[in-house]
Amino acid sequence: MGSPRWKRLCLLVLLGLAFSLLFYGHYYGAESPTSPRRPQQETLQLPQAELPQDTRSHHLVGESASKRGNQTKDSSKEESAYHHKEKSSLCPRSLKSKVKNDPTFGKQFDFDGPVLMWNRHFTSEMWKKLKERGVPYGWRGLPQAVISSTLELLKNAANSRLFNETTSPDGCVRCAVVGNGGILNGSHQGKEIDAHDFVFRLNGAVIKGFEADVGTKTSFYGFTVNTMKNSLIAYAEYGFTQIPQAKDIRYIFIPSDKRDYLMLKSALLGIPVPEGYDKGDKPQKYFGSNTSAEKFKLLHPEFMYYLTERFLKSEIINSQFGHLYMPSTGAIMLLTALHTCDQVSAFGFITDNYRTFSDHYYELEKKPLVFYANHDMLLEAELWKKLHQAGIMKLYQR
């Protein structure tokens with residue numbers, strides 16, 4: 001009796017061991033559904049060989065901008081949620097769909113990388129990368145202490161996005177970007193501009209006396225410290241004595257120099273600028289007394305690099321003025337809107353018949369548009385024309 005029972009017991013043990021070995025081999029031979037996956041990186045395919053030779057001396061180093069979003073995409077679930085809202089993918093008539101279906105612009109646009117920089121983007125890897133590029137595309141020559149102490153103040157989630165959730169019935173974010181071109185004088189576009197959800201203005205944005213042509217609404221004011229201060233000097237005679245101020249206005253800093261970081265830091269802290277070209281200057285006289293972090297936005301240097309590489313890589317880069325070149329403030333604001341809004345209309349930007357109009361809409365006497373060595377306005381004009389023809393944005397023309 002004992003011997004057969006012992007044999008059956010041994011047989012059961014052996015069968016159990018065999019099934020265990022079979023299951024073990026099947027389970028670990030495949031990827032576990034709960035095991036961490038290696039993130040798949042999305043890249044902007046900009047091989048070094050495609051860069052002009054002189055580009056490297058102009059701070060656009062021969063390094064692909066393809067990884068501009070990779071270091072920050074997973075920084076937090078909270079940031080991803082806000083980033084998703086800002087892209088407004090639920091809008092049924094978003095410009096994204098037109099971009100996707102366009103054979104040319106479908107390859108140029110990348111909506112995945114960060115547009116704004118905030119404290120979670122400042123990593124040792126980001127510092128090592130961007131310290132190799134000059135401003136506005138990086139931080140070469142800038143003190144790390146200035147960069148880090150500024151970015152650590154941009155810790156509000158609002159610093160990572162432009163918009164709060166839209167209240168539009170269809171979920172679409174409609175934006176108007178208002179340049180200062182003379183084409184707006186007598187245009188009667190004021191009501192049309194103000195009808196948009198958000199209105200971007202820049203530099204010498206004179207409103208008083210021109211409300212019928214340019215509207216009154218301002219949601220974002222974009223600038224470098226240099227262009228802002230120059231505008232206050234150059235256009236004071238036309239009434240531009242103060243940049244737009246209101247509770248709901250947000251300020252978009254373009255990081256073109258050390259002074260932009262210093263002014264931003266001082267604005268966030270509510271103190272005079274401690275050093276540099278603007279030492280002693282009080283930010284509140286420009287931005288008001290409200291120093292809450294959500295009022296201030298900083299464009300990401302990687303975004304600046306991407307805009308120039310993909311859309312506005314001018315031949316000026318290869319000239320003796322290459323070290324001066326960057327897209328105009330208006331171009332940067334318009335491309336920022338095109339990467340964050342669902343529908344974009346551009347007013348006061350250069351068109352084919354720019355010679356018909358004065359340089360600025362508020363000039364009493366007609367002045368010709370001046371082409372400076374640091375911008376390529378004709379290249380920008382061609383880009384706006386093509387985007388309009390593709391139906392990706394609306395360009396006001398006369």
side-chain contact (heavy atoms from CB on, under 4.5 Å) involving Y372 - partner list, sequence neighbours excluded: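 Here the qualifying residues are V370, N374.
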Who pairs with Q242 by side-chain contact (heavy atoms from CB on, under 4.5 Å), at least two apart in sequence or on another chain?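 With sequence neighbours excluded, Q242 shows a side-chain contact (heavy atoms from CB on, under 4.5 Å) to Q245, given in chain and number order.
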Is any side-chain heavy atom of [Y] closer than 4.5 Å to one of [X]?
| X | Y | result |
| --- | --- | --- |
| H121 | H300 | yes |
| F111 | L95 | yes |
| F210 | N185 | yes |

I'd like to know whether D281 forms a side-chain hydrogen bond (donor to acceptor under 3.5 Å, both in side chains) with Y286, so could you lay out the CA-CA distance, the side-chain angles of the two residues, the decisive distance to 0.1 Å, and finally the verdict. CA-CA 10 Å; D281 208 357; Y286 306 112; 2.7 Å; yes
Is it true that the side chains of [X] and [Y] contain a donor and an acceptor less than 3.5 Å apart?
| X | Y | result |
| --- | --- | --- |
| S328 | E380 | yes |
| T224 | D260 | no |
| S358 | E363 | yes |
| K313 | T308 | no |

Do the side chain of H388 and the main chain of K394 share a donor and acceptor less than 3.5 angstrom apart?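 Judged by distance alone, no pair lies under 3.5 Å.
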Are the side chain of N159 and the backbone N or O of F296 linked by a donor-acceptor pair below 3.5 Å?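 At least one qualifying donor-acceptor pair exists.
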With hydrophobic residues grouped by side-chain heavy-atom distances under 4.5 Å, do [X] and [Y] end up in a single group?
| X | Y | result |
| --- | --- | --- |
| L364 | L184 | no |
| L312 | F371 | yes |
| I207 | I252 | no |
| Y277 | L142 | no |

Quick one: [atom1] on [X] to [atom2] on [Y], what's the gap to the nearest 0.5 Å?
| X | Y | atom1 | atom2 | value |
| --- | --- | --- | --- | --- |
| H339 | D110 | NE2 | CG | 7.0 Å |
| Q343 | D197 | CD | CG | 9.0 Å |
| D359 | N180 | CG | CG | 9.5 Å |

Is it true that K258 and E275 have a side-chain N and a carboxylate O under 4.0 angstrom from each other?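 Salt bridge: yes.
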Tell me, with the steps shown, if F200 and L162 meet side-chain contact (heavy atoms from CB on, under 4.5 Å). CA-CA 11 Å; F200 293 71; L162 282 182; 4.2 Å; yes
After noting the C-alpha distance and the side-chain angles of T216 and D194, does the key distance pass the side-chain hydrogen bond (donor to acceptor under 3.5 Å, both in side chains) rule? CA-CA 7 Å; T216 60; D194 286 346; 3.2 Å; yes
State, to 0.1 Å, how close R201 and V214 come at their nearest heavy-atom pair, and which atoms those are.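 Closest pair (atom of R201, atom of V214, distance): NH2-O, 2.8 Å.
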Decide yes or no on side-chain contact (heavy atoms from CB on, under 4.5 Å) for W139 and Y261, but give the supporting numbers first. CA-CA 11 Å; W139 299 322; Y261 291 95; 2.8 Å; yes
I want to check a possible cation-pi pair here: R133 against Y305, using under 6.0 Å from ring centre and within 45° of the ring axis as the test.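 Yes.
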As a test of understanding, state which of I271, T150, D278 forms a side-chain contact (heavy atoms from CB on, under 4.5 Å) with S266.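 Passing option: I271.
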